[in-house]
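Quick note on labels: first sequence line is chain A, next is B, and so on, each numbered from 1. Everything numeric in this text was worked out from a predicted model, so none of it was measured.
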Amino acid sequence: MAMRAYLQRALLEALRQIDGVPNGFLPTLEVPKVAQHGDLSTNCALKLARHLHRAPMQIAEEVATRIALDPDRIEACEAVRPGFINFRFSHRQLYQALAAVLEAGPQFGRTGAGQGQRALVEFVSANPTGPLTVGHGRNAVLGDTIANLLEWTGYDVTREYYFNDAGRQMRVLGASVRARYEQALHDRNLVAGSYATKHATDGVGRRVEVPASFPDDGYLGHYIVEIARALADAEGAALLSATSDAPFTQAAKEAIFQDIERTLQRLDIRMDTFFNERSLYESGALDAVLQGLSGTGLLYEKDGATWFRTSAMGKDSDTVLVKRTGEPTYRLPDIAYHRDKLQRGYDVCVNVFGADHIATYPDILRALRVLGLDADRIDVILYQFVTLVRGGQEVKMSTRKANFVTLDELTAEVGPDVTRFFFLMRSVGRHLEFDLDLAKEASDKNPVFYLQYAHARICSIQDKAASVGFETDVKADLALLTHETELNLIKQVVHFPQALCAVAEAREPHRLVVYLREVAAAFSHFYHHCRIIGEPRATASARMALAAATRVVLCNGLTVLGISAPERMEKRDEA
RNA sequence: GCGCCCGUAGCUCAGCCGGACAGAGCGUCUGCCUCCGGAGCAGAAGGUCAGAGGUUCGAAUCCUCUCGGGCGUACCA
């Protein structure tokens with residue numbers, strides 16, 4: 001950051017001396033793809049060529065000669081071919097930055113862009129009608145990691161889970177549990193007589209037997225049976241006479257939420273707050289939204305329903321907010337909920353949604369704008385769906401026993417580190433192919449281990465060094481690090497804070513995965529070209545320091561991703 | 001029909017707010033363990049960046065169209 005800012009200032013100063021450069025012109029600096037082109041590069045001469053009616057190369061040369069640079073920081077500045085100006089950092093600059101990594105240690109990478117600001121990340125938000133699925137897994141891991149990223153860039157972050165335990169879904173859930181409860185009582189001979197059954201069709205078209213009292217669109221999952229049995233164990237036949245399904249709904253909700261939280265905890269995810277949709281009904285927030293909207297004339301009645309004139313705001317149709325029955329559609333509480341978030345004073349509200357929400361959130365933003373709220377504070381992350389692949393075949397998401405449906409099963413099978421890594425390694429805009437065979441394989445094919453292995457290897461070197469009689473020396477003479485692989489590794493390691501910042505701002509965790517892979521690769525190259533233990537003491541100390549700094553970055557980076565940085569990895573048995 | 005996402009090496013994907021010869025992993029082929037962990041390293045082969053136009057000094061990247069795949073488009077949640 002410092003170098004980029006420093007160079008930009010120097011460039012601006014140089015450009016000011018050249019006739020015809022527009023006032024607001026801001027030169028940009030980027031890291032060239034090829035190391036040969038230096039550490040930072042600007043294309044400003046190419047950009048200005050048209051404006052100045054001059055050859056880009058000529059401009060580049062003039063800038064390069066006019067720019068005033070501290071040779072202690074920049075060792076080379078040259079204008080090159082089409083008109084790029086390339087800068088090379090001085091070694092001294094690199095060594096200073098490297099020392100700073102060791103000084104900051106576990107804090108290295110923390111920056112302050114969000115200092116003093118509060119962020120709310122809403123994610124998962126699955127209603128408590130069943131266990132979390134693999135699809136929820138991508139949501140959960142993305143949300144948690146984005147929250148981590150925001151924390152590392154200085155925000156005060158709240159992780160929130162929004163849910164609805166009132167609607168039709170929950171009524172059906174309660175009725176399903178009740179039917180299974182009655183069945184359980186019969187199975188245990190706690191009530192006399194036989195009970196009637198009927199057939200229902202499950203998600204993959206199979207006929208299954210259910211109690212006659214089972215709702216037509218009831219929940220067929222086995223977890224319902226378990227909840228019902230637990231109720232039968234705890235309450236006996238006492239609930240048989242209940243006048244409503246409420247006790248069943250309540251029991252189901254509690255059991256399922258417990259299950260969901262446990263599933264999340266296995267992935268090291270903990271929510272700060274749970275927001276109940278029902279509270280919006282009770283607080284009058286829904287009415288407040290309707291009132292606010294009606295004041296603008298964008299609300300009208302038709303066929304007994306209340307409509308929001310979204311057609312006046314770029315949508316091809318209007319949207320119902322309150323049904324003819326008087327019941328709100330889900331969009332109304334959604335609007336009220338987001339209004340509530342903004343009113344709670346969050347500077348940034350991140351929402352993690354599956355691609356199927358593509359059509360709903362624009363309505364929310366429209367409504368918020370109409371209500372005079374700053375909808376730009378809401379940042380929607382839309383992720384594409386997950387496909388499980390096993391044996392080269394897509395696993396159909398179904399209740400079929402052999403297939404995975406729940407997040408829990410997935411985590412149990414491949415472990416939390418691999419689960420998180422796989423959900424994070426692809427960009428959110430792409431479908432995620434989750435290869436179970438690859439995920440389960442503890443081998444070099446599995447990309448997670450490449451990162452963890454590099455970390456473990458450094459730890460192992462440090463152990464070895466300690467046993468030989470010396471440890472990382474903070475006062476090592478870093479100027480002894482001159483090998484190409486050493487310099488490259490230093491550059492990678494030192495870049496961590498900027499990399500993290502950029503990833504946080506873009507809210508694209510997969511880019512952190514890409515960066516960390518590069519760090520691990522740079523370390524492996526260094527490791528294979530430069531010995532540490534056994535070299536002269538001064539050289540060994542410097543290399544130990546470099547390894548320690550690499551460890552810091554790998555560890556901090558993995559921590560942001562929510563993946564462990566093991567000090568050793570089990571040797572695998574070669575089959 | 002309309003809206004959004006995606007189409008880059010045999011496979012899975014980076015790169016996409018335009019720039020310097022298109023990158024990585026896996027797979028394939030060659031080498032490297034008397035030496036700090038070979039879950040590694042060094043190297044090779046492999047691409048009309050779906051296709052066609054356009055904008056530009058310059059396009060995988062921006063615009064238009066076409067073709068493929070996915071998701072939406074409810075007074076369901």
Undergrad: Among all residues two or more places apart in sequence or in another chain, which pass the salt bridge (Lys or Arg N to Asp or Glu O under 4.0 Å) test with A:Asp437?
TA: none
Undergrad: Between C1' on B:A77 and CG on A:Asp217, what's the gap in Å once rounded to a whole number?
TA: 12 Å
Undergrad: Which whole number of Å gives the distance between the C1' atom of B:G72 and that of B:C62?
TA: 26 Å
Undergrad: Take atom P in B:G69 and the same atom in B:U61, then report the distance between them in whole Å.
TA: 22 Å
Undergrad: What is the distance, rounded to the nearest whole Å, between atom CG of A:Leu451 and atom C1' of B:A24?
TA: 13 Å
Undergrad: Applying a 4.0 Å non-hydrogen cut-off, can you work out what A:Asn127 is touching in the nucleic acid: base, sugar-phosphate, or nothing?
TA: sugar-phosphate
Undergrad: Measure from NZ or CZ of A:Arg517 to the centre of the six-membered ring of A:Tyr450, then state whether that distance is under 6.0 Å and the direction lies within 45° of the axis.
TA: yes
Undergrad: Hey, are A:Asp303 and A:Lys323 close enough for a salt bridge, meaning a charged N less than 4.0 Å from a carboxylate O?
TA: no
Undergrad: Taking B:G51 as the reference, what is the distance to B:A39 when you measure between their C1' atoms (whole Å, please)?
TA: 42 Å
Undergrad: Any side-chain donor paired with an acceptor under 3.5 Å for A:Ser317 and A:Ser311?
TA: no
Undergrad: Using the side-chain heavy atoms of A:Asn164, tell me which of these nucleotides is nearest: B:C75, B:A77, B:U56.
TA: B:A77
Undergrad: Report the secondary structure of RNA chain B in dot-bracket form, marking unpaired bases with a dot and bases paired to a different strand with |, and treating Watson-Crick or G-U pairs with both distances under 3.5 Å as paired.
TA: ((((((((.[[[[.)...(...]]]].(((((.......))))).....[[[[[..)....]]]]])))))))....
Undergrad: Which residues satisfy the side chain to side chain contact (heavy atoms under 4.5 Å, CB included) test with A:Lys440, sequence neighbours excluded?
TA: A:Arg390, A:Glu413, A:Val414
Undergrad: Distances under 3.5 Å between protein N/O atoms and the N/O atoms of nucleotides 6-15 of chain B, please, pair by pair.
TA:
| from | atom 1 | to | atom 2 | distance (Å) |
| --- | --- | --- | --- | --- |
| B:G7 | OP1 | A:Arg430 | NH1 | 3.1 |
| B:U12 | O2' | A:Arg426 | NH2 | 2.7 |
| B:C13 | O2' | A:Arg426 | NH1 | 2.9 |
| B:A14 | OP1 | A:Ser427 | N | 3.0 |
| B:A14 | OP1 | A:Ser427 | OG | 2.6 |
| B:A14 | OP2 | A:Arg430 | NE | 3.3 |
| B:A14 | OP2 | A:Arg430 | NH1 | 2.9 |
| B:G15 | OP1 | A:His510 | NE2 | 3.1 |

Undergrad: Taking NZ, NE, NH1 and NH2 as the nitrogens, is one of them in A:Arg88 or A:Asp39 under 4.0 Å from a carboxylate oxygen of the other?
TA: no
Undergrad: Determine the Euclidean distance between corresponding C1' atoms of B:C11 and B:G53; express it in Å to zero decimal places.
TA: 32 Å
Undergrad: Answer syn or anti for B:C33, where the cut-off is 90° from 0 on the glycosidic torsion.
TA: syn
Undergrad: Report which part of the nucleic acid A:Val322 touches: base, sugar-phosphate, or nothing (heavy-atom distance under 4.0 Å, all strands).
TA: nothing
Undergrad: Hey, what are the protein-to-nucleotides 40-45 of chain B N/O distances that come in under 3.5 Å?
TA:
| from | atom 1 | to | atom 2 | distance (Å) |
| --- | --- | --- | --- | --- |
| B:G40 | OP2 | A:Asp444 | OD2 | 3.3 |
| B:G40 | O2' | A:Arg457 | NH1 | 3.2 |
| B:G40 | O2' | A:His528 | NE2 | 2.4 |
| B:C41 | OP1 | A:Tyr450 | OH | 2.6 |
| B:C41 | O4' | A:His528 | NE2 | 3.3 |

Undergrad: Which atoms of nucleotides 1-4 of chain B (N or O only) lie under 3.5 Å from a protein N or O atom, and what are those distances?
TA:
none

Undergrad: In whole angstrom, give the distance that lies between atom OH of A:Tyr300 and atom P of B:C75.
TA: 11 Å
Undergrad: From the options B:C76, B:G37, B:A20, select the nucleotide whose nearest atom is closest to the side chain of A:Ile461.
TA: B:G37
Undergrad: Show me the pairs that pass salt bridge (charged side-chain N to carboxylate O under 4.0 Å, His left out) and involve residues 304-317 of chain A, at least two apart or across chains.
TA: A:Lys315-A:Asp363
Undergrad: Reading RNA chain B from 5' onward, which residue's closest nucleotide shows up sooner: A:His37 or A:Gln462?
TA: A:His37
Undergrad: Say you pick atom P in B:G25 and the same atom in B:A42; how far apart are they, in whole Å?
TA: 9 Å
Undergrad: What pairs meet the side-chain hydrogen bond (donor to acceptor under 3.5 Å, both in side chains) rule with one or both residues in residues 133-143 of chain A, with sequence neighbours excluded?
TA: A:Thr133-A:His136, A:Asn139-A:Tyr383
Undergrad: Under 4.0 Å, counting only non-hydrogen atoms across every strand here, what does A:Asn43 touch: a base, just sugar-phosphate, or nothing?
TA: base
Undergrad: Taking only residues two or more places apart in sequence or in another chain, which ones pass side chain to side chain contact (heavy atoms under 4.5 Å, CB included) with A:Lys341?
TA: A:Leu120, A:Glu122, A:Tyr337, A:His338, A:Arg344, A:Cys349, A:Asn351
Undergrad: Students often get this wrong, so: under 4.0 angstrom with heavy atoms, is A:Ala547 touching a base, only sugar-phosphate, or nothing?
TA: nothing
Undergrad: Say we look at B:A52 and B:U12: how far apart would their P atoms be, to the nearest angstrom?
TA: 23 Å
Undergrad: Are the charged groups of A:Asp245 and A:Arg171 less than 4.0 angstrom apart, N to O?
TA: no
Undergrad: Within the structure shown, what part of the strands sits under 4.0 Å from A:Val468 by heavy-atom distance: base, sugar-phosphate, or nothing?
TA: nothing
Undergrad: For A:Cys530, answer base if it contacts any base atom (sugar-phosphate contacts may also be present), sugar-phosphate if it contacts only those atoms, and nothing otherwise; contact means non-hydrogen atoms under 4.0 Å.
TA: base
Undergrad: Check for me whether A:Arg457 meets the cation-pi criterion with A:Tyr527, that is, NZ or CZ under 6.0 Å from the six-membered ring centre and within 45 degrees of the ring axis.
TA: yes
Undergrad: Mind calculating the distance between CZ (A:Arg331) and P (B:G72) to the nearest angstrom?
TA: 13 Å
Undergrad: Which value, in whole Å, describes the distance between the C1' atoms of nucleotides B:C67 and B:C29?
TA: 36 Å
Undergrad: Give every residue pair that meets the salt bridge (charged side-chain N to carboxylate O under 4.0 Å, His left out) criterion with at least one member in residues 416-433 of chain A, sequence neighbours excluded.
TA: A:Asp144-A:Arg420
Undergrad: Is the distance between the ring centroids of A:Phe434 and A:Phe423 less than 6.0 Å?
TA: yes
Undergrad: I'd like to know if A:Lys302 and A:Asp318 make a salt bridge, using a cut-off of under 4.0 Å between side-chain N and carboxylate O.
TA: no
Undergrad: Go nucleotide by nucleotide along RNA chain B from the 5' end; which of A:Ile532 and A:Arg324 gets its closest nucleotide reached first?
TA: A:Ile532
Undergrad: Looking only at the side chain of A:Asn86 (C-beta and beyond, no hydrogens), which of the listed nucleotides B:C71, B:A20, B:C35 gets closest?
TA: B:A20
Undergrad: Name the nucleic acid region contacted by A:Ala355, choosing base, sugar-phosphate or nothing; use a 4.0 angstrom heavy-atom cut-off, strictly under.
TA: sugar-phosphate
Undergrad: With no angle test and no hydrogens, is the base of B:A77 tied to the side chain of A:Asp356 by a donor-acceptor pair under 3.5 Å?
TA: no
Undergrad: With a 4.0 Å cut-off on heavy atoms, is A:Arg531 in touch with a base, just the backbone sugar-phosphate, or nothing at all?
TA: base
Undergrad: For A:Val560, give me all partners under side chain to side chain contact (heavy atoms under 4.5 Å, CB included), at least two apart in sequence or on another chain.
TA: A:Asn148, A:Leu149, A:Trp152, A:Leu500, A:Leu512
Undergrad: Work out how far the P atom of B:G43 is from that of B:G23, and round it to whole angstrom.
TA: 14 Å
Undergrad: Just to verify, what does A:Cys459 make a side chain to side chain contact (heavy atoms under 4.5 Å, CB included) with, not counting sequence neighbours?
TA: A:His455, A:Arg551, A:Glu567
Undergrad: The side chain of A:Arg568 lies closest to which of these nucleotides: B:C36, B:C76, B:G37?
TA: B:G37
Undergrad: Would one find a side-chain N or O of A:Lys315 under 4.0 angstrom from OP1 or OP2 of B:G72?
TA: no
